[in-house]
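Data first, discussion second: the structure below is written as C-alpha cells.
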Amino acid sequence: MKIAVLPGDGIGPEIVAEAVKVLNALELDFEMESAPVGGAAYALTGHPLPEATLKLAMEADAVLFGAVGDWKYDTLDRPLRPEQAILGLRKHMGLFANFRPAICYKELTHASSLKPELVAGLDILIIRELTGDIYFGQPRGRRVATDGHFPGAEEAFDTMRYSRPEIERIAHVAFQAAQKRSKRVTSVDKANVLETFQFWKDVVTEVGKQYPDVQLDHMYVDNAAMQLVKEPKRFDVVVTGNMFGDILSDEASMLTGSIGMLPSASLNAKGQGLYEPSHGSAPDIAGKNVANPLATILSAAMMLRFSLNQEAAAQRIEDAVQAVLAQGLRTPDIWSEGTTRVGTAEMGDAVVAALR
Ligand SMILES: NC(=O)c1ccc[n+]([C@@H]2O[C@H](COP(=O)([O-])OP(=O)(O)OC[C@H]3O[C@@H](n4cnc5c(N)ncnc54)[C@H](O)[C@@H]3O)[C@@H](O)[C@H]2O)c1
Ligand SMILES: CC(C)[C@H](C(=O)O)[C@@H](O)C(=O)O
Ligand SMILES: [Mg+2]
C-alpha cells in the first residue's frame, strides 16, 4: 500500500508531519512518499501541481494532503496559484464526493462558540459535491459587458452548472451514507432563485424514491446557514453543491470547537481517496507550532477506513484523539480555562502515546 503525502504550504507541513508520526506509530505495512504541492511546488518548479506530483497521487492507494495557499501568491495568474493544485487533484482524480463529518467531542462542548447544550452530542455528516458547480463551470472570465446594468463596463463572470449524472451520483452517496446513520438527508439548495438548484432539487427528489427508508427534506441554503447555528442537531446527512458545501462546512466546523477539528475525505468512483483537513494553510499561524493537527490526524483515520481497508487502525486513531482530549490537552484554538495548552508537535506526540 502506498500513500502519497502532499504537505503543501503554511501550516500544511507541520500538521502533516504529526499525521505521518501517528501513521508510522501504527506499524502497519505501508509506504509513504512525499511530493511538493501548491505554493511550495510553484517555488520549486514553477507550477503548483507538477506532473510528478499528480502522477504520484494518481498511482497511490491514497493521498494525504495538508493545505495549499499563501497570500504572497495571490497576485499570480490564476492557473499558477497554489489553490489550483487542490482543484486540479480533485478534477484529475475525479474526487466528486467530499465527506466532512462535524462531530463535537464531549470534551470540546465548551470550546464551541455556541452554547454547550446546542452542540453536545453533535454528529453531522456534510456531503459536498466536489467537482462541479460554479467552481468548474465554463465559460468564465472577464470581458466588456454588452448588456446588463452597465453596458460597456468591465465585468467578470462564472458559470454555475450541474448535469443530471453529477447530481444523481452524489445523491446516491448521500442516501447510502444516511442508511448507515440516522436515515435522514437534508438537501441544501437555492431552488427559489437558481435554475441549477431547482434541477438539483428535482434530481435529488427522484433519486430519493429509490431509498424509501431514508427521510429526505429540502432546505434553502440561507435557511440552512441559520439552522446550523440555531439547532444543529436537527441535521443528520446534509448534501449540497460545491460552493454551498464549502461555506456550510466551515460554518459547521465551529460547532465542533474549531476548524482545526474538521477532517475530510474526497472519494472518486474507483474508490481512490484524498484526505485533508477542511481548513486551509492558515498563513497567520504557520511555523509557530500552534496549529491544531487533529483534523489532519482524523483525516488519516478516514484514509485508513475508506481507502486502506484498516478499520481497526482508524478506530485506534479516533480513540487516541478522544483520549488526549480527555487528558485535557488542547492546542490554542480549542483551549479553555482548566485545560492544558500544548503545541502542534506535542499534540501529535500525545496522540501517539495514547494509541492502544
Ligand atoms: N484545501 C486547501 O488546501 C485549502 C482550504 C481552505 C483555504 N485554503 C487556502 O488557505 C489560505 C488561507 O485561507 P483562510 O485564512 O481563508 O482559511 P484557513 O482555513 O487557512 O484559516 C482560517 C482561520 O482558521 C485558523 N485555522 C485554520 N486551520 C487551523 C488549525 N489547524 N489550527 C488552528 N487554527 C486554524 C487560521 O489561523 C485562520 O485564523 C488561502 O490561501 C486559501 O486559499 C486552502
Ligand atoms: C482552497 C479552496 C480551493 C478550497 C475550496 O474552496 O474547495 C478550500 O476552501 C476547501 O474547502 O477545501
Ligand atoms: Mg473551504
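All ligand and atom numbering here is 1-based and tracks the order in the structure.
A salt bridge is defined here as a Lys NZ or Arg NE, NH1 or NH2 lying under 4.0 Å from an Asp or Glu carboxylate O, and Lys2 with Glu59 fails to meet this definition. A salt bridge is absent between Asp217 and Arg184; no separation between the charged side-chain nitrogens and carboxylate oxygens falls under 4.0 Å.
Checking only distances, Glu83 never comes within under 3.5 Å of ligand 2, N or O to N or O. For a threshold of 3.5 Å applied to N or O pairs, the pair formed by Asn242 and ligand 2 contains no separation below that value. Looking at Arg100 next to ligand 2, an N or O pair under 3.5 Å apart turns up.
When only non-hydrogen protein atoms are considered, atom 9 (O) of ligand 2 lies nearest to Asp246 OD1, 3.2 Å. For atom 6 (O) of ligand 2, the closest heavy atom belonging to the protein is Tyr135 OH, 2.5 Å.
Interatomic distance, Arg234 CZ to Leu228 CG, rounded to the nearest 0.5 Å: 9.5 Å. The structure places OG1 of Thr296 at 7.5 Å from CG of Leu64, a figure rounded to the nearest 0.5 Å. Atom CE in Met347 sits 13.5 Å away from atom CD1 in Ile15 (nearest 0.5 Å).
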Exercise. Kindly indicate, with the supporting measurements, whether the criterion side chain to side chain contact (heavy atoms under 4.5 Å, CB included) is fulfilled by Val203 and Glu168.
Key: CA-CA 7 Å; Val203 175; Glu168 284 175 349; 3.6 Å; yes
Practice problem: Determine, stepwise, if the pair Asn292 / Met261 fulfils side chain to side chain contact (heavy atoms under 4.5 Å, CB included). | Solution: CA-CA 7 Å; Asn292 186 344; Met261 292 302 300; 3.5 Å; yes
Quiz prompt | Stepwise side chain to side chain contact (heavy atoms under 4.5 Å, CB included) check, Val221 with Thr240 | solution = CA-CA 9 Å; Val221 64; Thr240 190; 5.7 Å; no
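A side-chain donor-acceptor contact under 3.5 Å links His218 and Thr205. No side-chain donor from either of Glu83 and Tyr73 sits under 3.5 Å from a side-chain acceptor of the other. With 3.5 Å as the limit, one finds no donor-acceptor pair spanning the side chains of Ser253 and Glu251.
Counting only protein atoms, the N, O or S atoms lying less than 2.8 Å from the Mg ion (ligand 3) are Asp246 OD1, ordered by chain and residue number.
Contacts between Arg128 and ligand 2 below 4.0 angstrom, taking non-hydrogen atoms only, involve the side chain exclusively.
The one candidate from Tyr220, Tyr162, Trp200, Phe197 that meets the ring-ring contact (aromatic ring centres under 6.0 Å, His included) condition with Phe244 is Phe197.
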Does ligand 1 have any N/O pairs with the protein under 3.5 Å, and how far apart?
unit_1	atom_1	unit_2	atom_2	d
ligand 1	1 (N)	Glu276	OE1	2.9
ligand 1	3 (O)	Val68	N	2.9
ligand 1	10 (O)	Ser281	N	3.1
ligand 1	10 (O)	Ser281	OG	3.1
ligand 1	19 (O)	Gly280	N	2.7
ligand 1	20 (O)	Gly280	N	3.4
ligand 1	20 (O)	Ser281	N	3.3
ligand 1	20 (O)	Ala282	N	2.8
ligand 1	28 (N)	His279	ND1	3.2
ligand 1	31 (N)	His279	NE2	3.1
ligand 1	31 (N)	Asn292	O	3.0
ligand 1	32 (N)	Asn292	N	2.9
ligand 1	37 (O)	Asp284	OD1	2.9
ligand 1	37 (O)	Asp284	OD2	3.0
ligand 1	39 (O)	Asp284	OD2	2.9
ligand 1	41 (O)	Glu83	OE2	2.9
ligand 1	43 (O)	Glu83	OE2	2.5

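Using a 4.0 Å cut-off to heavy atoms of Arg90, the atoms of ligand 2 that qualify are 4 (C), 5 (C), 7 (O), 10 (C), 12 (O).
Per-atom contact check: atom 2 (C) of ligand 2 does not touch the protein, criterion being a heavy-atom distance below 4.0 Å.
In this structure, Arg128 is positioned above the aromatic face of Tyr135, its NZ or CZ under 6.0 Å from the six-membered ring centre and within 45° of the axis.
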